[in-house]
Participant: 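Here you go, one structure.
So that the names make sense, note that chain A is the first sequence line, chain B the second, and so on, each numbered from 1. Hydrogens, waters and symmetry mates are skipped; everything else that's a heavy atom, side chains included, is used.
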There are 4 protein chains.
Amino acid sequence: MVVVMQKGVSQEQINKVQKHLEAEGYSVHLSQGAKRTIMGVIGEPGKVDPQLLASLPGVEKVVPIMQPFKLASRDFKHQNTVIQVGSQTIGDGHVTLIAGPCAIEGRENFLKAALAVKDAGAEMLRGGAFKPRTSPYSFQGLGEKGLQIMAEARELTGLPLVTEVMDQKSIAMVAEYVDIIQVGARNMQNFFLLRELGQVNKPILLKRGMSATIEEWLMAAEYILGSGNPNVILCERGIRTFETYTRNTLDLSAVPLLKQLTHLPVIVDPSHGTGKRELVEPMSLAAAACGADGLMIEVHPNPSQAWSDGPQSLIPADFARLSKKVRQLESLAAPEAEDESRERS
Amino acid sequence: MVVVMQKGVSQEQINKVQKHLEAEGYSVHLSQGAKRTIMGVIGEPGKVDPQLLASLPGVEKVVPIMQPFKLASRDFKHQNTVIQVGSQTIGDGHVTLIAGPCAIEGRENFLKAALAVKDAGAEMLRGGAFKPRTSPYSFQGLGEKGLQIMAEARELTGLPLVTEVMDQKSIAMVAEYVDIIQVGARNMQNFFLLRELGQVNKPILLKRGMSATIEEWLMAAEYILGSGNPNVILCERGIRTFETYTRNTLDLSAVPLLKQLTHLPVIVDPSHGTGKRELVEPMSLAAAACGADGLMIEVHPNPSQAWSDGPQSLIPADFARLSKKVRQLESLAAPEAEDESRERS
Amino acid sequence: MVVVMQKGVSQEQINKVQKHLEAEGYSVHLSQGAKRTIMGVIGEPGKVDPQLLASLPGVEKVVPIMQPFKLASRDFKHQNTVIQVGSQTIGDGHVTLIAGPCAIEGRENFLKAALAVKDAGAEMLRGGAFKPRTSPYSFQGLGEKGLQIMAEARELTGLPLVTEVMDQKSIAMVAEYVDIIQVGARNMQNFFLLRELGQVNKPILLKRGMSATIEEWLMAAEYILGSGNPNVILCERGIRTFETYTRNTLDLSAVPLLKQLTHLPVIVDPSHGTGKRELVEPMSLAAAACGADGLMIEVHPNPSQAWSDGPQSLIPADFARLSKKVRQLESLAAPEAEDESRERS
Amino acid sequence: MVVVMQKGVSQEQINKVQKHLEAEGYSVHLSQGAKRTIMGVIGEPGKVDPQLLASLPGVEKVVPIMQPFKLASRDFKHQNTVIQVGSQTIGDGHVTLIAGPCAIEGRENFLKAALAVKDAGAEMLRGGAFKPRTSPYSFQGLGEKGLQIMAEARELTGLPLVTEVMDQKSIAMVAEYVDIIQVGARNMQNFFLLRELGQVNKPILLKRGMSATIEEWLMAAEYILGSGNPNVILCERGIRTFETYTRNTLDLSAVPLLKQLTHLPVIVDPSHGTGKRELVEPMSLAAAACGADGLMIEVHPNPSQAWSDGPQSLIPADFARLSKKVRQLESLAAPEAEDESRERS
């Protein structure tokens with residue numbers, strides 16, 4: 001941490017700040033120039049709140065140096081976290097394909113969709129039982145009935161299930177039915193929800209908030225990890241920018257960046273990230289090429305009859321082609337994978 | 001709603017979309033040009049999901065024309081919503097001043113702060129019993145003990161209380177102690193929380209999400225209104241942009257814009273909106289000048305000893321000066337107020 | 001400047017960076033912790049490029065502490081820059097009102113508009129002879145003929161003229177006719193244009209770029225100041241964000257922030273900043289309330305017949321009412337003005 | 001184009017707007033609902049300015065339907081534009097590799113760099129003779145001397161040259177020396193510069209503005225195309241967002257989107273787009289995987305001694321590895337290429 005003092009600060013103010021920091025166990029290195037005094041502060045981050053420090057008299061600003069996340073960092077755990085879900089894995093170096101319709105509309109349709117995505121190459125099945133809708137007047141999901149249908153689809157296909165939980169009260173119910181619990185972008189900083197999910201014995205798929213920085217996202221993961229659940233999967237799904245041709249701006253550079261900063265697996269949702277069917281395949285390939293551990297893709301046998309799937313849903317045939325291309329790309333990367341890990345270490 | 005068909009769409013596809021819309025009770029007006037067919041769709045919005053429509057074969061895009069919010073709109077209720085809280089009002093044309101420390105740290109400190117802000121001109125008292133902290137390692141608030149201290153401060157000062165609720169489970173407890181329940185920016189699209197707050201008999205102060213559009217914000221209000229609670233106060237607190245000199249970019253144009261779109265009161269939080277103490281007064285005056293119904297301001301008797309107040313906290317003397325200036329500005333606006341309302345109607 | 005070294009950096013790398021900095025005349029204070037080494041670097045900023053420093057082996061990042069602008073800073077010149085233009089001033093504590101149509105369409109119309117805005121309270125006259133249009137197919141302005149019409153309007157009204165220059169080749173021509181030369185948002189980082197304007201003997205009105213940080217904006221002013229022209233007026237005109245209800249997001253907190261950082265006058269353009277006629281008056285009042293030195297407002301006697309004025313143009317009667325309100329607000333601020341300057345000093 | 005009329009609009013106002021549009025040769029289809037009247041307007045876009053239309057009495061808003069760009073659109077020219085530069089091509093289906101140092105610092109260094117990048121797989125050579133620097137106090141480039149050094153490097157290596165032009169006055173000089181003229185992000189809407197480049201007989205590499213929408217970018221290309229130069233290469237280089245871990249947010253979805261909207265080649269600059277050396281390779285592969293026609297990469301034999309290359313510069317060995325991986329990825333895509341083009345047509 002670096003503390004920058006205001007111009008014209010008094011020696012007394014400098015001493016006070018220094019004593020305050022030393023009392024908390026930090027060591028302080030003063031650099032006094034003609035115009036400005038700065039303090040290098042060495043010690044465990046997290047003990048002094050930078051905001052509090054910034055409001056002490058004479059302090060102009062506080063510049064954090066160390067990353068505020070601990071359990072999520074590569075420093076804390078060097079090896080990649082590999083998450084096992086039934087017979088499937090995420091984070092083991094291959095690209096895990098998760099697919100399915102946005103919302104569950106009915107038993108028959110969903111079972112049909114589940115079989116179709118399995119045939120087309122999906123390794124896990126997604127589906128929404130509760131739908132986070134901007135408008136209270138839109139379809140809100142089938143609730144527990146939807147979860148039961150999902151469980152039946154798992155029986156049928158053997159695919160592990162991913163679904164979103166939207167509130168604390170449904171956590172237990174959702175955890176009973178599915179294999180991976182998703183936290184949506186709008187709940188990324190719902191800290192009470194995160195903390196309760198830290199006590200659940202299922203992996204958590206944590207979507208990036210619409211305007212969350214990478215650091216805030218890792219701090220949200222930290223809430224879950226710190227409450228006892230080590231299995232967090234990060235999912236990039238686009239950030240909000242001024243561009244309107246795409247629904248969001250898919251921030252793919254977050255993928256290799258996160259692979260440096262954290263040991264957690266990172267997957268990409270190109271369906272919501274772009275909002276356009278014809279961009280799903282190219283952006284899936286791009287995500288795989290820059291190191292994503294998985295893809296989560298909206299697939300619906302008949303998108304134009306779906307209740308909440310939008311113009312970004314693929315039909316199973318498109319998804320089958322995408323799967324095939326991803327596997328080819330993977331085979332290419334394989335011989336290099338070892339290299340990569342050597343470089344990183 | 002306008003439906004734009006793709007180039008080279010077939011007459012059959014056009015007919016199908018038209019029939020689909022007519023079956024839902026809309027009337028459809030076709031405009032067929034040499035290059036493009038567009039459909040003007042007239043009827044009640046909300047019955048057909050624009051996303052679903054956009055995924056029908058032959059459809060290029062759907063352009064909504066009508067605002068998706070209903071209960072929140074000026075069309076639904078022309079007169080301003082005026083909210084009575086104890087002896088105080090919000091939305092009656094004057095600028096309601098809400099002030100207090102960010103977090104409640106202890107009984108004595110808070111009571112002292114409460115008396116100080118009352119003396120300095122505050123009409124309501126704010127304080128945080130639960131703190132939404134980006135880091136799980138930061139102070140998270142005193143919880144119910146904090147609420148009890150707040151209630152004692154109300155006894156002492158007569159000021160109504162505003163505090164944030166962060167999860168469904170605490171709603172009943174918070175509602176028991178305070179007069180206005182705040183929803184923080186991070187929870188603006190926590191739809192389950194919003195729906196439960198719609199069933200509470202206390203006004204809700206709904207902060208704008210960090211990257212929420214004005215429309216999404218009004219849709220969030222719609223969740224509360226639609227669940228039965230007519231008393232929603234909107235609070236602009238800055239949006240996330242690329243600028244880093246200020247913590248957020250305070251979007252003051254949202255104030256006069258909202259006064260056109262909705263009957264709900266609109267207040268401004270210049271403390272979190274800017275993150276800088278020295279910007280709080282000028283931005284408070286600016287907010288009052290462009291029509292804000294209130295201001296929510298962080299005031300702490302001794303900001304540099306506070307646990308979570310940051311570099312944006314005013315001391316009571318600064319707040320007293322700000323109050324005085326706001327009242328002067330108000331007196332100026334008063335004779336024009338009638339004009340304004342005439343124009344709007 | 002603070003240099004943060006990578007984890008596991010060698011002592012040799014540390015020495016090398018330290019020597020490099022000392023060779024440039026900086027003094028370096030090392031803070032070596034168990035996990036991390038940081039260097040406080042004291043000396044004249046600008047001599048070492050932070051980017052270059054950041055690419056030295058062993059360096060993780062470089063955190064600038066001092067502001068990179070010099071001539072534009074309050075440190076360099078404490079007193080406000082007051083710009084005299086004919087009988088008018090900008091930056092002397094009152095709110096200078098600049099008004100006129102967006103584009104000059106013809107002699108008669110423009111002279112009529114000039115007289116109308118003068119009557120309604122304008123102190124300077126704006127008009128566009130060259131129009132920066134996103135589309136090459138839109139009206140591009142009358143060029144020199146427009147400048148001649150402007151000059152005639154000055155004869156008629158006595159109002160000083162403001163117009164935009166769009167390329168180096170027209171600088172001499174524009175400077176011959178008008179009193180203040182405007183640089184548009186799209187040219188804010190057209191460094192060759194800025195440098196040539198530094199050699200012109202007319203004040204420069206520098207609009208903020210659509211996505212320019214406050215620091216980049218001040219660096220653009222620095223280009224002009226550094227080339228010899230001390231008279232730069234900064235004009236906030238809205239920044240680009242995700243919000244689409246307004247054309248841009250008017251960043252009013254930039255006004256009090258700039259008044260701290262720089263001695264240059266700061267004005268606001270609420271017409272382009274919001275893109276909506278009904279927001280121009282409230283945002284003008286807000287700008288005046290938070291300390292703007294002037295307002296630049298689009299006024300057209302008959303907006304709906306204008307070639308390039310958009311939905312943000314006021315009619316003269318609206319502008320007259322706005323002027324009156326701004327003057328009232330000013331009278332209120334007057335007795336406090338002295339206070340403010342005392343605090344700032 | 002769709003014109004949405006205000007609520008409570010009079011029949012007379014509707015007639016006026018309709019007549020105005022019909023007088024310009026448009027055909028107008030009225031859709032009159034109980035609450036709202038909308039007009040479908042069919043005809044050649046560009047004849048009526050949507051902003052003007054939006055300011056007519058009774059009009060609430062105007063929604064453009066057709067894309068405003070013409071010459072740049074796939075409608076205008078279905079086949080990909082393939083640009084031949086010496087023996088090299090851009091846009092022919094392979095990924096063109098452009099590499100070199102950011103700035104030219106001296107003859108020897110640059111010739112060394114040129115040979116190194118050629119050996120490592122570069123097909124074109126980049127280098128900056130004029131540097132657009134945010135600070136007037138930074139190194140501004142060698143000017144014509146730099147161009148002469150570049151020309152010598154072409155002699156030596158046979159690689160065609162790419163360099164940036166920053167002002168109208170240098171166009172002729174730059175065009176004399178180099179093969180492709182680059183327009184930087186800051187000049188993307190310098191319309192006078194664009195128009196003059198439309199008259200130059202060299203391909204123009206047009207970088208996306210920092211906060212330019214895809215539509216504005218294509219309109220900027222339209223300025224060049226419309227002035228007579230059909231050879232424009234679009235270069236995505238990251239947009240400005242709230243994220244600060246990367247210098248910009250590389251918007252890779254722009255690549256497949258542009259391949260749909262326009263026939264112009266699209267390349268990617270992952271060096272400036274991310275600002276981090278370790279992200280250059282993964283983002284290069286991602287760009288290639290989603291269909292980029294080329295990559296422009298900063299490579300410097302000794303980045304830490306460079307005057308203006310930053311922490312994003314690769315050393316030649318890294319670039320060689322990147323080249324190899326791009327070629328492998330290309331070989332994979334090849335058998336599918338035919339498929340792709342069939343789908344698109």
Participant: Quick check for you: to the nearest 0.5 Å, what is the distance between M283(C) atom CE and L257(B) atom CG?
Facilitator: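 Spacing of CE (M283(C)) from CG (L257(B)) equals 10.0 Å.
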Participant: Can you tell if the side chain of P256(C) reaches within under 4.5 Å of the side chain of E278(B), non-hydrogen atoms only?
Facilitator: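 A side-chain contact under 4.5 Å is absent here.
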Participant: Sort by residue number and list every member of residues 288-297 of chain C having a non-hydrogen atom under 4.5 Å from chain B.
Facilitator: A289(C), C290(C)
Participant: Sort A212(C) into side chain, backbone, both or neither according to what part of it lies under 4.5 angstrom from a heavy atom of chain B.
Facilitator: backbone
Participant: Please state whether the side chain, the backbone, both or neither of L279(B) comes within less than 4.5 Å of a heavy atom of chain C.
Facilitator: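 It is the side chain, since no backbone atom gets that close.
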Participant: When only heavy atoms count and the cut-off is under 4.5 Å, which of residues 216-225 of chain B reach chain C?
Facilitator: none
Participant: Residues of residues 241-252 of chain C under 4.5 Å from chain B (heavy atom pairs)?
Facilitator: T241(C), F242(C), E243(C), Y245(C), T246(C), T249(C), L250(C), D251(C), L252(C)
Participant: So, using side chain to side chain contact (heavy atoms under 4.5 Å, CB included) as the criterion, who are the partners of A116(C) when residues are at least two apart?
Facilitator: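 Side chain to side chain contact (heavy atoms under 4.5 Å, CB included) list for A116(C), sorted by chain: P316(C).
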